[in-house]
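Here the structure is a predicted model, which is why all the values come from computation and not from measurement. Within every chain, numbering begins at 1; the chains are lettered A, B, ... in the order of the sequence lines, protein sequences first and strands thereafter.
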There are 2 protein chains.
Amino acid sequence: MSEEMRPRLTAEERREQILAAASVVFGERGYAGGTTDAIAKEAGVSQAYVVRMFGGKENLFRAAADRAAARVRFAFRDTIAGFRGDEDLDEKRLALSMAYIGLMADRGLLLTLLHLFSLGHDPVLGPVARDCFLDVFRVVRDEAGFTGPEATEFFSRGMLTTVLLAMRIPDSAGRPEADELMSCAFGERTTDLISLMQGQVPLDDAAR
Amino acid sequence: MSEEMRPRLTAEERREQILAAASVVFGERGYAGGTTDAIAKEAGVSQAYVVRMFGGKENLFRAAADRAAARVRFAFRDTIAGFRGDEDLDEKRLALSMAYIGLMADRGLLLTLLHLFSLGHDPVLGPVARDCFLDVFRVVRDEAGFTGPEATEFFSRGMLTTVLLAMRIPDSAGRPEADELMSCAFGERTTDLISLMQGQVPLDDAAR
DNA sequence: TACGCTAGTAATCGATTGATAACATGTCAA
DNA sequence: TTGACATGTTATCAATCGATTACTAGCGTA
């Protein structure tokens, strides 16, 4: 944004800043398309610092993806912790769906995960992808008390939601099929999400 | 593979060869990660020819994605054409699911589409992504006679299936959660798909 | 057989990218 | 104060990639 005085931070604080920036950039452009330079600009540091702090782009992506998966797990566990124990399946499903949809506010988080999942062929990131997915799956199945088919059904919905987010389906709002698809997939939060996603402006030229 | 005599082909035949190669390469590495050189090697032609025939990488990806979406539509329409008219929802759903799963045999087809869907932010490819998705959606809803919610549910399953394919979930076969997830998502075709996906060897170094 | 069109390739270029090395600056303890 | 370590930056490099240009070879046909 603006050129401001940038105070020295601890490595820990910078690390978090860079990971947040990496989440935005990798979320929008994917692993191969996201450059360390764009991430550095987004975080307000030099490209060399980004690379050296994480020891390479691959490690940086891995860290950003791990962080994203950890946040999804936390959001689910946080929701589950609020259960009283007498909820039926529909109540639990709705609560977890709302938690998932809430994660969309963190621009890039779910998209970074989707890009991770598309790297199954990669010898290093492929196993990371499968581990992240299965870790979250286990949380929903075991800690929320879903059966296997119930958890699978829940993840189906989640993947459609994520793909629609990646596709920027609200950009097609007004077309009848798009409107119906969104209202079926997002339910009562459809209008929220339309304004949310449309507010997410693309990375500016400065970060290119 | 082997160095063979390469006869002259018509432009139409070469075009199809290159699109098939592009589907494989883009499916595995995505738009940004898939190089025109890898596609050229996969198709057995020079990199310059690939670029010039399609007028640039973006047009090539667009053509490969359009071709993939057209094949999905064709597979669905072909299935629907076999309906007698007295099927119930479950029968239609199962038949269409089988058609979709059958598309996995074409290495790269569904993965190229998934990568396309992740480009919603792109000013050129974003609209292409939304159009492709909505076109297929319309086929299922209108021509197969699904309601909006039924079609949405069907596409949820499809997106999970596709993500599991991208993730190479069969590489985690043996782990209990992975096995349960696959049996829930793939049903009776689970073992087919495990052998199918594991037979899909990564692109070799020569095509790097 | 010479001509013109189509199907190709080899060579090369400029831009981008991830990475590294060398250097600078701030902070804190002895 | 000084010195040692942590927080950064600038400059630069080798590799890669998409694209362009110039050239070559096959093939039907007038």
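- The ring-ring contact (aromatic ring centres under 6.0 Å, His included) search around A/F54 returns none, not counting sequence neighbours.
- For residues 111-120 of chain A, no residue pair satisfies the side chain to side chain donor-acceptor pair (under 3.5 Å) rule, not counting sequence neighbours.
- In this structure, the side-chain contact (heavy atoms from CB on, under 4.5 Å) partners of B/E58, at least two apart in sequence or on a different chain, are B/Y31, B/D122, B/V124, B/L125.
- Across the protein-nucleic acid pair, A/F61 atom CZ and C/dA19 atom C1' stand 19 Å apart, rounded to whole Å.
- Not counting sequence neighbours, the partners of A/D135 by the side-chain contact (heavy atoms from CB on, under 4.5 Å) test are A/R73, A/R138.
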Can you tabulate the close N/O pairs, meaning under 3.5 Å, that link protein atoms to atoms of nucleotides 18-23 of chain D?
{"unit_1": "D/dG18", "atom_1": "OP1", "unit_2": "B/K57", "atom_2": "NZ", "d": "2.9"}
{"unit_1": "D/dG18", "atom_1": "OP2", "unit_2": "B/T36", "atom_2": "N", "d": "2.9"}
{"unit_1": "D/dG18", "atom_1": "OP2", "unit_2": "B/T36", "atom_2": "OG1", "d": "3.0"}
{"unit_1": "D/dG18", "atom_1": "N7", "unit_2": "B/Q47", "atom_2": "NE2", "d": "3.4"}
{"unit_1": "D/dA19", "atom_1": "OP2", "unit_2": "B/K57", "atom_2": "N", "d": "2.9"}
{"unit_1": "D/dA19", "atom_1": "N7", "unit_2": "B/Q47", "atom_2": "NE2", "d": "3.0"}
{"unit_1": "D/dA19", "atom_1": "N6", "unit_2": "B/Q47", "atom_2": "OE1", "d": "2.9"}

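- Under the ring-ring contact (aromatic ring centres under 6.0 Å, His included) criterion, B/F137 pairs with B/F155, not counting sequence neighbours.
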Exercise. Scan nucleotides 24-29 of chain D nucleotide by nucleotide, 5' to 3', and note B when protein non-hydrogen atoms come under 4.0 Å of the base, S if they reach only the sugar-phosphate, - if neither.
Key: -BB---
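- Partners of A/P149 according to the side-chain contact (heavy atoms from CB on, under 4.5 Å) rule, which considers only residues two or more places apart in sequence or in another chain, are A/T147, B/C184.
- Taking only side-chain nitrogens and oxygens, B/Y49 never comes nearer than 4.0 Å to OP1 or OP2 of C/dT9.
- Electrostatic pairing of A/R93 and A/E150 does not count as a salt bridge here, judged by no charged N lying under 4.0 Å from a carboxylate O.
- Screening residues 162-171 of chain A for side chain to side chain donor-acceptor pair (under 3.5 Å) gives A/E28-A/R168, A/Y100-A/T162 as the qualifying pairs, with residues at least two apart or on separate chains.
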